[in-house]
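Here is how names work: the chains are called A, B, and so on, in the same order as the sequence lines, proteins then strands, and each is numbered from 1.
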Protein chains: 2
Amino acid sequence: MLPQDCPLPIGRREANRATRREAILDVAHRSFLERGYAATTMSAIAASLGGSKGTLWSYFASKELLFAAVLDRATTLFQAQIAQALNPRDGVADSLHAFARQFLDRITAADAVALYRLVIGEARRFPETGRIFHERAPGRTRALLAAYLEAAMARGQLRAADPMAASRQLMSLCMGGCHQQLLLGLIDKAPRKAIVEEAELAVDSFLRAYAA
Amino acid sequence: MLPQDCPLPIGRREANRATRREAILDVAHRSFLERGYAATTMSAIAASLGGSKGTLWSYFASKELLFAAVLDRATTLFQAQIAQALNPRDGVADSLHAFARQFLDRITAADAVALYRLVIGEARRFPETGRIFHERAPGRTRALLAAYLEAAMARGQLRAADPMAASRQLMSLCMGGCHQQLLLGLIDKAPRKAIVEEAELAVDSFLRAYAA
DNA sequence: ACAAAGGCGTACCGTATAGTACGCCAATGC
DNA sequence: GCATTGGCGTACTATACGGTACGCCTTTGT
């Protein structure tokens, strides 16, 4: 009777199921990132959902599958945040400064650090995870940045060099300070001032190294 | 009767105890680095030792204390390996190339990667560990390198800049390739060729950025 | 309105783990 | 030599977790 009840061939049942699935992933996401894999319990997730364990298992047949689904979604979100960090501007210096600033902002956010920790910490138990994470997050960013650098090199704004290697170097330069300290738990939050200075320093060195 | 039986005021009892303690730490070290914290069980360690659980607990009153002792020893060993990577030679370029090569060799070794993974993965559960690791391994190396760079800057061989920041940048440049791939489990062992090339590339960029 | 699907609550199973208790025996110190 | 220390072996406790089973009830599609 009401066409807007079912604008797409999805019934309320399927819609509810999708919503529920997202809710589970939200809770599991938080728990895995906050506590790590081992310390996250299925019972706690079910309890936190308000539902029963049977329901949880009807969505995800095992803890490993739930973990995989969480990481799949998390890396997708991460990718979406990171990929748009490179907004070409007029000059190479301005573009790279903006990139470094945004890149550092993203990777020093609390959940990015927690995700990174989780992926590295469980890389032996879940080898696929490391691969997926890499190809979605740092790999994609590196490829985007490399494409930009290659164009800049072609225009003579930077000296000719391997754009992928250059891209990796710039990203490495960005990750040596706050990010490292966050990973090791030396600090809880990166001070804005430190991020700005660090991005500046990284790009300055990079531009000296790759001046035309 | 025999003075060499007790050259120091340690009886055979204490000596045996120290030996046993080392043996426990050896086994625990391997297990923690190979399997991670959660997947390492005290029972397995006791069984692998050939001894009984009572003995194990008489040395380390809990799994957490054993873990702390293992990491304490492991970071000390790591420090010993890393700290001597900087052997000043005639020219700055030669010195830094030698440093980068040795540094990369050390940090891409299997146990170094496993240790790094472990420290990062458990940084939330054991916050002290991250601090200790940092001050012993990367912090110490960075300080040594910074001292060398500062001297080179004073001699006019490099442009004047913050030596600590420069030190961190060189180390970051070394850690962006193989080390990253090892951490994420993309590769199991760093090819020698890649290490050499990467060290070369890192130092080249560094020297361009900090040329006098 | 009615039947089916699916969530809920709870109790349960098997297993694994940190940590304890205790009796026995060999190594150790005097 | 002899008493004691300490490791050995084993059995045990308590607990926690992943995963299952099942009966009840609300929501859903027709």
Side-chain angles (χ1 to χ4, degrees), chain A residues 1-28 31-32 34-70 122 125-126, chain B residues 1-28 31-32 34-70 122 125-126:
Chain A
M1 193 197 274
L2 295 174
Q4 60 261 49
D5 251 347
C6 188
L8 288 173
I10 48 163
R12 238 163 101 176
R13 217 136 199 166
E14 277 119 12
N16 277 356
R17 211 169 160 78
T19 310
R20 197 95 174 110
R21 195 186 136 97
E22 280 305 300
I24 294 176
L25 287 176
D26 280 341
V27 171
S31 184
F32 279 126
E34 272 172 25
R35 295 185 246 254
Y37 181 80
T40 291
T41 77
M42 296 292 273
S43 303
I45 290 173
S48 176
L49 276 168
S52 84
K53 295 176 75 171
T55 305
L56 177 53
W57 259 268
S58 83
Y59 283 89
F60 301 97
S62 74
K63 187 181 180 180
E64 292 200 2
L65 287 174
L66 176 56
F67 185 69
V70 164
E122 304 295 336
R125 199 187 332 213
F126 303 99
Chain B
M1 192 196 279
L2 293 175
Q4 61 262 48
D5 250 347
C6 188
L8 288 173
I10 50 165
R12 237 160 104 176
R13 218 137 198 165
E14 276 121 11
N16 277 356
R17 210 167 161 81
T19 311
R20 199 96 174 105
R21 195 186 136 97
E22 281 305 300
I24 294 177
L25 287 177
D26 280 341
V27 171
S31 183
F32 277 126
E34 272 172 25
R35 295 186 245 257
Y37 181 80
T40 291
T41 77
M42 296 293 273
S43 304
I45 290 174
S48 176
L49 276 169
S52 84
K53 297 176 74 171
T55 305
L56 178 53
W57 259 269
S58 83
Y59 283 89
F60 301 97
S62 76
K63 187 180 180 181
E64 293 201 1
L65 287 174
L66 175 58
F67 185 68
V70 165
E122 305 295 337
R125 199 186 332 211
F126 303 99

Any side-chain N or O of [X] less than 4.0 Å from the OP1 or OP2 oxygen of [N]?
X      : N       : answer
S58(A) : dG7(C)  : yes
R20(A) : dC8(C)  : yes
Y59(A) : dG6(C)  : no
R17(A) : dT28(D) : no

Problem set entry | Donor-acceptor pair, side chain of T19(B) and main chain of A15(B), under 3.5 angstrom | yes
For this session: For the residue pair L49(B) and T55(B), establish whether any side-chain heavy-atom pair is separated by less than 4.5 Å.
Result: no
List in chain and number order the residues that pass side chain to side chain donor-acceptor pair (under 3.5 Å) with [X], two or more places apart in sequence or in another chain; answer none if no residue qualifies.
X      : value
K63(A) : none
S58(A) : none
E22(A) : R73(A)

For this session: Can you tell me the distance, in whole Å, between the CZ atom of R21(B) and the P atom of dG7(D)?
Result: 13 Å
Exercise. What's the CG-P distance between L56(A) and dG6(C), to the nearest Å?
Worked result: 16 Å
Going by the rule side-chain contact (heavy atoms from CB on, under 4.5 Å), which residues pair with [X] if we only count those two or more places apart in sequence or in a different chain?
X      : value
S31(B) : R35(B), T40(B)
S62(B) : E64(B), L65(B)
R21(A) : L25(A), Y59(A), F60(A), A69(A)
S43(A) : T41(A), K53(A)

Exercise. How does each nucleotide of nucleotides 23-30 of chain C score, in 5' to 3' order, for protein heavy atoms under 4.0 Å: base (B), sugar-phosphate only (S), or none (-)?
Worked result: ----BBS-
Exercise. When the ring planes of F67(A) and F126(A) are compared, do they come out parallel, tilted or perpendicular, using 30° and 60° as the limits?
Worked result: tilted
For this session: Five pairs at each end of the helix from dA1(C)-dT30(D) to dC30(C)-dG1(D): take the axis at both ends and give me the angle between them to 10°.
Result: 30°
Show the distances under 3.5 angstrom between N or O atoms of the protein and N or O atoms of nucleotides 17-22 of chain D.
unit_1	atom_1	unit_2	atom_2	d
dG18(D)	OP1	T40(A)	O	3.4
dG18(D)	OP1	K63(A)	NZ	3.1
dG18(D)	OP2	M42(A)	N	2.8
dG19(D)	OP2	K63(A)	N	2.9
dG19(D)	N7	K53(A)	NZ	3.0
dG19(D)	O6	K53(A)	NZ	2.6

Seminar exercise, completed: By salt bridge (charged side-chain N to carboxylate O under 4.0 Å, His left out), R17(A) pairs with (sequence neighbours left out) none
